[in-house]
Amino acid sequence: MIGTAPAPQIEPLGSQAEREERLEALRTAFTGLDTEYTLADGSTVSRTYLDSAASNLRLTVADDIVRRALRHYANTHSELHFGAHVTTHLYHRAHQIVNDFVDASDAYTSVFLGSGVTGGLNRMAQVLAERRPERDLVITTLMEHHANDLPHRKHVGEVVHVPLEKDPDGDAGRVDMTALRAAIQEHADRLNYVAVTAASNVTGVINPVHEVARLAHEAGALCVVDAAQSAAHLPLSVQGGDDEAIDVLCMSGHKIYAPGSPGVVVARKDLFEGLEPQAVGGGIVDRVETDRYEITDALPEREEAGTPNLPGAFRLATTLYLLGRIGMDLVEDDERELTQYALERFEAIDGLKIYGSHRLEVADRIGVITFNLDALPHGLVTAALNDYFGVAVRNECFCAQPFVRKLLGRTSTNGDATSDAACSPEAQPGMVRVSFGLYNTKADVDTAADALADIAARPDWYRSRYRPLRDGSGDWVHRNFDFEPARAFSLEKEVDAWLQSA
Ligand code: PMP
């Protein structure tokens, strides 16, 4: 749970029991759960998808609904034929649903841009730098994804990284609020905003974003929240208690069961006032002469030049509305139970080290678990999970190099993460990450845990099957099992097959 429980503007539908039943029905309503692959031992299995922190699978039901909406498809910005009218209305509703999903009042706008949080954070760093150029410093935390760090360096100026709490199990907790308060006081006159992730994509640990917002506001600064990892997993409100409202919130549609949809920024409208949009063109101007143009004051139009990704926006809105109607409280509880189960099963595997506490009561986390096996490199473990068990997980540094370096103990004597080769293109270190979506079950966790136990028990056998790629990625490949992606799926073959049967 992020701070106090938000009052969702999308009312859950039905009784608790009905909602639980619907959540259960939803579990299998995703595309790609039953995709089969032939493994290194010649057997064929349905994959076990445990890579949702990277991108999660698409809701089939939302696809069906969007396909029906697209029967009305036309460009927006006109209401004088039926299709354009319906589409313009749906696009407007899509923005409203996003606002409702995060409990945003009329003081906020939602802007669809780019393909994820990266686009949103880059744009908002520009906006906030231009709004208050005298404030050229941003405070963020050590656990941030590069997307919530580099845009601030590029567009605003200096970035100060606040350390994390040591949790009682020793590794990495949430942002250290005492250190944050001190950093805010030290830099108050230059501080533009505090940018913090709602949940880490490395440890899954959840940050108290509303408390962060209050501290930022006390110093006259703003609060920007990266909700890439939390949006599909936790209830989240931009409101919070007194003076705790989040000023800017960014989400990635492809991490909210809607791959193919845009990124979203939900931000206070006044932040954009008087600022030139980054992109200009059609759809955002009131009047154009050959020597001048007037940009509309209307939001989000001002920030969304050109024809939008309409099917993507509809898919995202459909998915958010569906999640809201089931209730994010249920989604959170469901994932918590699965995460607890997985932590217990993984903890019991000899030689497996989990990063961050394995006890949710000590360090609350979403369904993201990162670990290493003592005996084998992360690239080999990840390849073996895939090749011998059909378990899809991710490895390396998860675009959070300073944090992963720190967790791996690659630190200099003063305690800062060193800039040694760890996680650089030449280096080998990294971790393995398992992450959950609504479709994952205890059976998936069992499959992964049994596989890991087998790999941990027979490291020499697995090592003999693989060779390091030595391309700097830390990846390993099987010595004599080749997977040919084009044999799994080819766009050209699909087209030709259709043409031949037409
Ligand atoms: N922030 C976090 C915490 C993330 O996990 C990610 C994606 N891994 C991003 C930002 C960037 O999101 P996107 O790739 O959708 O722009």
Side-chain angles (χ1 to χ4, degrees), residues 35 37-41 47-55 115-116 118 144-147 149-150 153 200-203 228 254 259 351-353 355 368-412 417-435 448 451-452 454-456 458-491:
T35 308
Y37 295 112
T38 299
L39 305 183
D41 63 5
R47 69 171 171 176
T48 303
Y49 189 79
L50 294 174
D51 195 16
S52 289
S55 231
S115 60
T118 306
E144 302 305 321
H145 188 279
H146 301 328
D149 179 353
L150 306 187
R153 298 192 205 185
S200 163
N201 68 321
V202 178
T203 57
H254 70 93
L352 187 149
K353 175 182 168 45
Y355 297 97
V368 169
I369 303 174
T370 312
F371 57 86
N372 266 316
L373 288 186
D374 275 351
L376 289 169
H378 58 92
L380 201 162
V381 173
T382 303
L385 280 172
N386 180 71
D387 298 349
Y388 285 95
F389 302 94
V391 175
V393 302
R394 192 155 292 248
N395 67 309
E396 300 182 16
C397 291
F398 322 113
C399 299
Q401 291 185 18
F403 185 30
V404 168
R405 250 186 239 130
K406 181 97 177 168
L407 289 174
L408 289 170
R410 301 239 155 191
T411 51
S412 64
T418 59
S419 57
D420 69 6
C423 307
S424 75
E426 304 77 41
Q428 306 290 322
M431 302 166 172
V432 185
R433 180 179 74 189
V434 159
S435 54
L452 284 164
D454 189 65
I455 297 169
R458 300 192 294 143
D460 294 342
W461 187 87
Y462 282 100
R463 194 181 276 276
S464 70
R465 286 341 186 235
Y466 286 87
R467 63 179 173 80
L469 258 185
R470 296 201 194 288
D471 64 350
S473 63
D475 286 349
W476 291 60
V477 285
H478 203 280
R479 288 179 189 278
N480 47 35
F481 167 61
D482 268 338
F483 175 72
E484 188 46 67
R487 294 232 313 264
F489 195 85
S490 153
L491 295 174

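All values reported here derive from a predicted model rather than from experimental measurement.
The minimum heavy-atom distance linking G430 with N372 is given by the pair O-ND2, 2.8 Å. When all heavy atoms of A375 and P459 are compared, the closest pair comes out as CB-CB, 3.8 Å. Nearest approach of G474 to H378, heavy atoms of both residues: O-CE1, 3.8 Å. Nearest heavy-atom pair across V368 and A53 is CG2-CB, 4.1 Å.
Using a 4.5 Å cut-off on side-chain heavy atoms (C-beta onward), N395 and V381 make no contact.
Here the CG-CZ distance, from L380 to R467, works out to 12.0 Å after rounding to the nearest 0.5 Å. From R465, atom CZ reaches atom CH2 of W476 across 14.0 Å, with rounding to the nearest 0.5 Å. Within the model, atoms SG of C399 and NE2 of H145 stand 4.0 Å from one another, a figure rounded to the nearest 0.5 Å. Atom-to-atom distance recorded for T370:OG1 and M431:CE is 6.5 Å, nearest 0.5 angstrom. To the nearest 0.5 Å, atom CD of residue Q401 and atom NZ of residue K406 are 15.5 Å apart.
Considering only residues two or more places apart in sequence or on other chains, R463 meets the side-chain hydrogen bond (donor to acceptor under 3.5 Å, both in side chains) condition with none of them. The side-chain contact (heavy atoms from CB on, under 4.5 Å) search around T118 returns N122, A147, not counting sequence neighbours. Residues passing the side-chain hydrogen bond (donor to acceptor under 3.5 Å, both in side chains) test with S52 are Y439, sequence neighbours excluded. The side-chain contact (heavy atoms from CB on, under 4.5 Å) check on L352 picks up F346, I349, I354, F371, L373, L452, with sequence neighbours excluded. Shown here are the side-chain hydrogen bond (donor to acceptor under 3.5 Å, both in side chains) partners of N201, two or more places apart in sequence or in another chain: there are none. For S55, the side-chain contact (heavy atoms from CB on, under 4.5 Å) partners are Y49, H254, not counting sequence neighbours. For D41, the side-chain hydrogen bond (donor to acceptor under 3.5 Å, both in side chains) partners are S43, not counting sequence neighbours. Every residue meeting the salt bridge (Lys or Arg N to Asp or Glu O under 4.0 Å) condition with R458, not counting sequence neighbours, appears here in chain and number order: D454.
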- request: Would you please test F403 and S200 for side-chain contact (heavy atoms from CB on, under 4.5 Å) and show each step?
  value: CA-CA 10 Å; F403 185 30; S200 163; 3.7 Å; yes

message: Determine whether V404 and Y355 satisfy the following criterion, side-chain contact (heavy atoms from CB on, under 4.5 Å), listing intermediate values before the conclusion.
response: CA-CA 9 Å; V404 168; Y355 297 97; over 6 Å; no

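Shown here is R479, whose CZ atom has more than 12 heavy atoms of other residues, nucleotides or ligands within 6.0 Å.
One N or O on the side chain of S464 and one on the backbone of W461 form a donor-acceptor pair closer than 3.5 Å. A donor-acceptor pair is defined here as one N or O able to donate and one able to accept, closer than 3.5 Å; no such pair exists between the side chain of R433 and the backbone of V202.
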Can you give me every donor-acceptor pair (side chain of residues 383-394, partner residue at least two apart or in another chain, under 3.5 Å) with its distance?
residue, atom, partner, partner atom, Å
D387, OD2, Y466, OH, 2.7
Y388, OH, H478, NE2, 2.6
R394, NE, D51, OD1, 3.2
R394, NE, D51, OD2, 3.1
R394, NH2, D51, OD2, 3.0

